[in-house]
Amino acid sequence: MATMIDFSEPADRVAPQLLGAILRRGGVTIRLTEVEAYLGTADPASHAHKGPTPRCRTMFGAPGHLYVYASYGIHRAGNLVCSPDGTASGCLMRGGEVIEGIDIVRARRGPTAPDAGLARGPGNLGAALGLTLSDDATPVHSVSGRDPEAERQREAHPDTDLWIQEAPGPVEMVRGRRIGISKNADAPLRYWIPGDPTVSSPRSLRVALEVL
DNA sequence: CGTCGGATTTACT
DNA sequence: GTAAATCCGACGA
């Protein structure tokens, strides 16, 4: 039997389960190809490093929720909150392949973005999902990959608009340095599917430190 | 309050 | 490679 993603684990243990996972919101379905783990108070690069603030308090809340923050005033990036209630960690969604609802995503992203770039990069992925700051703390329902089970779960929670299920098959994955941060950048906490065109990093930074 | 920097993206030169 | 866009929240006064 397929298992559900367990967000109560620390983000660096959840991250590998997220690669290849299927995320649905409204009419948009995205297959995650790149995530970064942020390890809360122990991680100088994490928003949660200095403890709960109005911005990052969601990361300290219950696992299995969405943490949305504003990046450079322009973008909205989404994290999947991990670790038990009271402990902060999370996985930043950095890249994904739009496999359903391309028309919706293209309306949000504009006509010039290439297919592979529709959800490439945290800001673009947030835009593809239509995230706003008011989506912060939205529950994320983790369901089994078996279709009948997922359907049953969805019928039981009609108000939930965010769903995730584990990768339908084996996924090749590597990890390496995180991107766009200045503190603790050497920690190998970025996870991605090698060779996937929807991974956001430039080629020069796509250096795998470890094959998982 | 005011200031400052940012888990970014895009379009330039 | 460099710069502009653009705004929220962290923090100090």
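By convention in this document, chain letters (A, B, ...) are assigned in the order of the sequence lines, proteins followed by strands, and residues within each chain are numbered from 1.
- Atom CZ of A:Arg177 and atom P of B:dA7 are 15 Å apart (whole Å).
- Of all heavy-atom pairs between A:Leu162 and A:Pro139, the closest is CB-O, 3.6 Å.
- Proximity of A:Arg76 to the phosphate of B:dT8: no side-chain N or O atom is located under 4.0 Å from OP1 or OP2.
- Minimum atom distance to the side chain of A:Leu133 is reached by C:dC8, of the listed B:dA7, B:dG6, C:dC8.
- Remark: C:dT6 base-pairs with no nucleotide; criterion is Watson-Crick or G-U wobble with both hydrogen-bond distances under 3.5 Å.
- Atom-to-atom, CZ of A:Arg57 to C1' of C:dC8 comes out at 13 Å; the value is rounded to the nearest Å.
- The aromatic ring of A:Tyr38 is stacked on the base of B:dA7, with the two ring centres less than 5.5 Å apart and the planes inclined by under 30°.
- Cluster annotation: A:Met4 and A:Leu18 are assigned to distinct hydrophobic clusters (Ile/Leu/Val/Met/Phe/Trp/Tyr, side-chain heavy-atom contacts under 4.5 Å, transitive).
- Between the CG atom of A:Leu205 and the P atom of B:dT8 there is a distance of 12 Å, given to the nearest Å.
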Distances under 3.5 Å between protein N/O atoms and the N/O atoms of nucleotides 2-5 of chain C, please, pair by pair.
none

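- At least one donor-acceptor pair under 3.5 Å links the side chain of A:Ser89 to the backbone N or O of A:Ala11.
- Toward the 5′ end of DNA chain B lies the nearest nucleotide of A:Ala70, the other residue of the pair A:Arg120 and A:Ala70 mapping further downstream.
- The interatomic distance linking A:Leu125 (CG) with B:dA7 (C1') rounds to 13 Å, in whole Å.
- Close to B:dT10, at under 4.0 Å from its OP1 or OP2, lies a side-chain N or O of A:Asn124.
- Across all strands shown, B:dA7 forms no Watson-Crick or G-U wobble pair with both distances under 3.5 Å.
- Picking from B:dT10, B:dG6, B:dA7 the nucleotide with the shortest atom distance to the side chain of A:His47 gives B:dA7.
- Atom C1' of nucleotide B:dT8 and atom CZ of A:Arg190 are separated by 14 Å, given to the nearest angstrom.
- Distance from the side chain of A:Pro54 is smallest to C:dA10 among C:dC8, B:dT8, C:dA10.
- Side chain of A:Arg109 to backbone of A:Gly117: a donor-acceptor contact under 3.5 angstrom is found.
- Closest non-hydrogen pair, A:Val140 versus A:Leu66, comes out as CG2-N, 3.9 Å.
- Rounded to an integer number of Å, the gap from A:Arg178 CZ to B:dG6 P is 15 Å.
- Distances shown here put a side-chain N or O of A:Lys50 below 4.0 Å from the OP1 or OP2 atom of C:dC11.
- Atom OH in A:Tyr191 sits about 19 Å away from atom P in B:dA7, given to the nearest Å.
- One interatomic measurement links the two molecules: OH of A:Tyr69 to C1' of B:dT8, which rounds to 8 Å at whole-angstrom precision.
- OP1 and OP2 of C:dC11 both lie 4.0 Å or more from every side-chain N or O belonging to A:Arg55.
- Remark: A:Thr53 is in phosphate contact with C:dA10, judged by side-chain N or O atoms under 4.0 Å from OP1 or OP2.
- Hydrophobic clustering, with ILVMFWY side chains joined whenever heavy atoms are under 4.5 angstrom apart, groups A:Leu80 together with A:Leu131.
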